[in-house]
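What follows is a short report on a single structure.
Every chain is numbered from 1, with letters handed out A, B, ... down the list of sequences.
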Number of protein chains: 2
Amino acid sequence: MSPADDPDAVFSALADATRRQVVQALARSGPATATELAGDFTVSRQAVVKHLQALSQAGLVVGDREGREMRYRLTPAPMAGAMDWMAEVGAGWDDRLAALSQFLSDRDL
Amino acid sequence: MSPADDPDAVFSALADATRRQVVQALARSGPATATELAGDFTVSRQAVVKHLQALSQAGLVVGDREGREMRYRLTPAPMAGAMDWMAEVGAGWDDRLAALSQFLSDRDL
DNA sequence: TGACATCGCAACCCCATGGTTGCACATGGC
DNA sequence: GCCATGTGCAACCATGGGGTTGCGATGTCA
């Protein structure tokens, strides 16, 4: 069903620049722990942890416990809901979005 | 060029539920003034004005002056940038997003 | 011209949230 | 068993932003 489920969590999660960088880091380098990620950023480990929790709440990330450490893995599936929302809203105005919306419904994505 | 330009403004603009409702209202009913829109919401006119300004700053809306009133029109094109970002990040993990990303690059959207 | 409506600006309040620091707890290696 | 390392929790701070109210300016119309 393409009609948008609630995209609030996803949009809110991706509204923060640092959080998007975390997502990109996980996309590039694969699963990582908060401390590992914190090494690539200027902010503290705790800040990264908070971001990971926010992303986790949005379903964009999941944490697997490995002994003493917690390894976070990207699960970007919920993004599709947000894309549905945008494609539907914009379909009537913008050709690109209309094509996208058409594609989404054709493929039943 | 599909590589993401800065999607920060779009994500931030759409992170707020009221703001998404404003966008949906404009999509359904066409261009409208802030006072007209405010009639459909519980919040004040000024709050709606602020949201329209935020959307305008993100390029998702543009205001046309008509005599005494300011009529706002939806311009959802910038959403495509945000969709690029999501499709690229998620392409490696999620089949739906991969198909989307493929579609985007095939069509040079 | 005068009355009414609409907009735009500014001040203000309050809460969510990004960020920090500090510390307690668990786990693994020696 | 002990220590190092990493995690998780809590308190705290500061800023931003959503929301409101008030008011002056600007148009519109009778």
Side chain to side chain contact (heavy atoms under 4.5 Å, CB included) against Arg68(A), all qualifying residues, sequence neighbours excluded: none

Would you please name every residue forming a side chain to side chain contact (heavy atoms under 4.5 Å, CB included) with Val43(A), sequence neighbours left out? Phe41(A), Ala47(A), Val48(A)

Just the table, please: protein N/O against nucleotides 9-13 of chain C N/O, every pair under 3.5 Å.
from: dC9(C); atom 1: N4; to: Gln46(B); atom 2: OE1; distance (Å): 2.8
from: dC9(C); atom 1: N4; to: Gln46(B); atom 2: NE2; distance (Å): 2.9

Looking at DNA chain C, which of residues 31-40 of chain B put a heavy atom within less than 4.0 Å of it? Thr33(B), Thr35(B)

Which residue pairs satisfy the side chain to side chain donor-acceptor pair (under 3.5 Å) criterion with at least one member in residues 72-81 of chain B, sequence neighbours excluded? Asp64(B)-Arg73(B)

Interface residues of residues 13-23 of chain A with DNA chain C (non-hydrogen, below 4.0 angstrom): Asp16(A), Thr18(A), Arg19(A)

Between residues 55-65 of chain B and DNA chain C, which residues have a heavy-atom gap below 4.0 Å? Arg65(B)

I need the full list of side chain to side chain donor-acceptor pair (under 3.5 Å) pairs touching residues 39-62 of chain A, with sequence neighbours left out, sorted by first then second residue. Arg19(A)-His51(A)

Mind checking what makes side chain to side chain donor-acceptor pair (under 3.5 Å) contact with Thr35(A), not counting sequence neighbours? Thr33(A)

Where Ala25(B) and Leu37(B) come nearest, the two heavy atoms and their spacing: CB-CD2, 3.9 Å

Under the side chain to side chain contact (heavy atoms under 4.5 Å, CB included) rule, collect the residues that match up with Ala58(A), sequence neighbours excluded. Ala9(A), Ala13(A), Leu60(A)

Partner residues of Ser12(A) under the side chain to side chain contact (heavy atoms under 4.5 Å, CB included) criterion, sequence neighbours left out: Asp8(A), Ala15(B)

Between atom CG in Asp8(A) and atom P in dT17(C), what is the gap in whole Å? 10 Å

Contacts satisfying salt bridge (Lys or Arg N to Asp or Glu O under 4.0 Å) that involve residues 21-30 of chain B (not counting sequence neighbours) are none

